[in-house]
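Structure, as C-alpha cells:
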Amino acid sequence: MILGVFKEYGEEARVALLPEAVKKFTSLKVTVFVEQGAGLSAFATDAAYSEAGAEIKSRDEIFDKADVLLQIQSPLEEDVARIKPEQVWVSAFNPLWNTDLTKTFLEKGLTTFSLDLTPRTTRAQAMDILSSMATVSGYSAVLDAALHLPTFFPMFMTAAGTIRPANVLILGAGVAGLQAIATSRKLGAQVHVFDVRSAVKEEVLSLGGKFVEVAGATEDAAAGGYAVEQTEEFKKKQKEAIHNTAIKSDVVICTAQIPGKKAPLLITKETVEAMKPGAIIVDLAASTGGNCEVTQDNATTKHNEVTIIGESNYPSKMPVDASKMFGQNVFNFLKLMINEDGSLNLNFEDDIVKGTCITHQKEVYNERVKSVLENK
Ligand code: NAD
C-alpha cells in the first residue's frame with residue numbers, strides 16, 4: 001500500500017510522521033509518500049525523509065495515488081471533496097464534537113479513522129494520541145504558567161530572604177493533569193488537585209499532590225475511565241470548594257473535559273475576581289468552551305490582574321517530540337492493518353481497528369459516535 005503524509009494547515013507545526021517513523025513503515029514494505037515541506041516546521045527536511053525511504057510528492061499526487069491519507073488535523077472542505085471512497089482517511093478529527101464532518105463522511109461513503117477515539121484499553125495504550133498529546137500539554141502548561149508568574153515556583157532560602165513556594169491548583173487529574181502535577185512538583189510548587197473520579201486520588205497522592213475531596217460525585221464505570229456529567233447539587237458544592245482553593249492559588253491549570261460535551265465550568269468570573277493579583281490560569285479545555293468562564297480560546301487575556309491563557313494546542317509548540325510521539329502512535333495503530341506483503345487489510349475483526357473507525361461503507365462504526373449522532 002501507499003501511505004501519504006500531508007503537510008498540516010496554517011500554524012500547526014507538527015507532522016504526523018517524522019523520518020524515523022517512515023523507516024518503520026518501509027520496513028513493513030509500505031511505500032510512503034510525504035508532501036513536499038511537510039516536516040519543515042518540525043525540523044525534518046525533505047532530504048531527511050528521502051534518506052528514510054520516503055518519496056517526496058505534491059499534495060495532488062498524494063490525493064491521486066495514496067491508499068491511506070494521513071494528517072493530524074481535520075480535513076478542510078476542499079480536501080474532503082477530493083477523498084475517494086476507495087481511500088482511507090486517518091487523522092484526529094474529534095467526531096464526538098465535529099458531528100457535521102462525520103455526517104459528510106457518512107453521506108460520501110468514505111472510510112475514515114479518528115485516532116482520538118482509539119479505545120482506551122491496555123493493548124491500545126501505545127496508539128493513544130490523546131495520552132501522548134496530553135502529556136505535552138500538561139508539561140507545557142506548567143512551564144508557560146511559570147514564565148508568566150511574577151514569583152518563583154520553588155521555595156528559596158537566600159541571603160536576600162525566604163521565598164515561599166507557589167501554590168498550584170490543578171483541575172482534572174487525567175493524563176494532562178497528572179503530567180501537570182509532576183511538572184509543578186519538580187519545579188517545587190505545592191499542588192492541590194481536584195477531580196470527580198475517585199480512582200485518581202491515589203495517583204495524585206503518589207505524585208505529591210493534595211487531593212481536594214468533594215463528596216457526592218457521579219461516576220460511571222461504563223464511561224471507559226472518563227468523567228460524566230454531575231448533578232446540580234454536586235456542581236454547587238464543587239464550585240464552592242474550587243473557589244476556596246483557587247483564591248489561595250498562584251496558578252490554576254484547567255484540564256477537565258467530558259468527551260463529546262462542553263467542558264465543565266469550574267472557575268467562575270466571580271472566582272477569578274477574588275483571585276490574587278498576578279495569578280495565572282492556563283485553560284487547556286479552551287477549545288471546548290474552557291473550565292474558566294472568562295477564557296478565550298487561543299488567546300491570552302487579562303481579567304483584572306489575573307492572566308488567563310486559553311491555549312489548546314501546546315503540542316504544536318513542541319513539534320519535534322509531539323510529532324515523534326504522534327508518529328509512534330500512528331505506526332502502532334496502522335501496523336494492525338498491514339499484511340505481510342505490505343498491502344492494506346481493513347481488519348475489522350480487531351476491536352481497536354473497529355473502535356477507531358468512524359465511517360465505512362455508509363455506516364458509523366464507532367459506538368460512541370453512533371450514539372451521539374442518534375441523540376442529536
Ligand atoms: P479527559 O481529558 O477526558 O479529562 C481530564 C480529566 O478531567 C479527567 O480526569 C476527568 O475525570 C476530569 N474531569 C471531568 N469533569 C470534571 C469536573 N467537573 N471536575 C473535575 N474534574 C473533571 O481525560 P483523559 O486525561 O483523556 O483520561 C481520563 C482517564 O482515562 C485517565 O486518567 C486514564 O484512567 C484513562 N486512560 C486510559 C488509557 C488506556 O488505557 N489506553 C489511556 C489514557 C487514559
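When a ligand or atom number is given, it counts from 1 through the structure's own listing order. This chain uses plain numbering: 1 for the first residue, then up along the sequence. Not measured: the values here are computed from a predicted model.
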- [ ] Could you tell me whether Q230 and ligand 1 have an N or O pair separated by under 3.5 Å?
- [x]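 N/O-N/O distance under 3.5 Å: no.
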TODO: Would you please classify the geometry between the F113 ring and the F348 ring as parallel, tilted or perpendicular, with 30° and 60° separating the classes?
DONE: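 Parallel: the ring planes of F348 and F113 meet at under 30°.
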Taking the non-hydrogen atoms of [X], is any one of them nearer than 4.0 angstrom to ligand 1?
X    : value
T121 : yes
L171 : no
G177 : no

Open item on the list: Within a 6.0 Å radius of atom NZ on K370, are there more than 12 heavy atoms belonging to other residues, nucleotides or ligands?
Closed with: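 More than 12 within 6.0 Å, yes.
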Could you list the atoms of ligand 1 found under 4.0 angstrom from a heavy atom of [X]?
X    : result
S131 : 42 (C), 43 (C)
D128 : 42 (C), 43 (C)
P264 : 15 (N), 16 (C), 17 (C), 18 (N)
L266 : 18 (N), 19 (N)
R197 : 8 (C), 9 (O), 10 (C), 11 (O), 28 (C), 29 (C), 31 (C), 32 (O), 34 (O)

Open item on the list: Under a 4.0 Å threshold between the charged nitrogen and the carboxylate oxygen, would D351 count as salt-bridged to R123?
Closed with: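 Looking at D351 together with R123, the answer is yes, because their closest N to O distance falls below 4.0 Å.
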Task: Lys/Arg N to Asp/Glu carboxylate O, R59 vs E35, below 4.0 Å - done: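 Looking at R59 and E35, the cut-off is met.
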- [ ] Would you tell me which option among D195, L265, T288, L284 has the nearest heavy-atom contact to atom 21 (N) of ligand 1?
- [x]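 Looking at heavy atoms only, the winner is D195.
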Task: Q238, M133, E229, R120: member with heavy atom nearest to atom 19 (N) of ligand 1 - done: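 Closest candidate by heavy-atom distance is Q238.
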TODO: Verify the cluster assignment for F93 and V372: are they in a single hydrophobic cluster under the rule of side-chain heavy atoms below 4.5 Å apart?
DONE: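 Yes, one cluster joins them.
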Open item on the list: Do L187 and I163 land in one hydrophobic cluster if side-chain heavy atoms of ILVMFWY residues count as linked below 4.5 Å?
Closed with: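 No: no chain of side-chain contacts under 4.5 Å links L187 to I163.
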Open item on the list: To check you understand the geometry: which heavy-atom pair defines the closest contact between D283 and C292, and what is its length?
Closed with: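 Heavy atoms of D283 and C292 come nearest at OD2-N, 3.0 Å.
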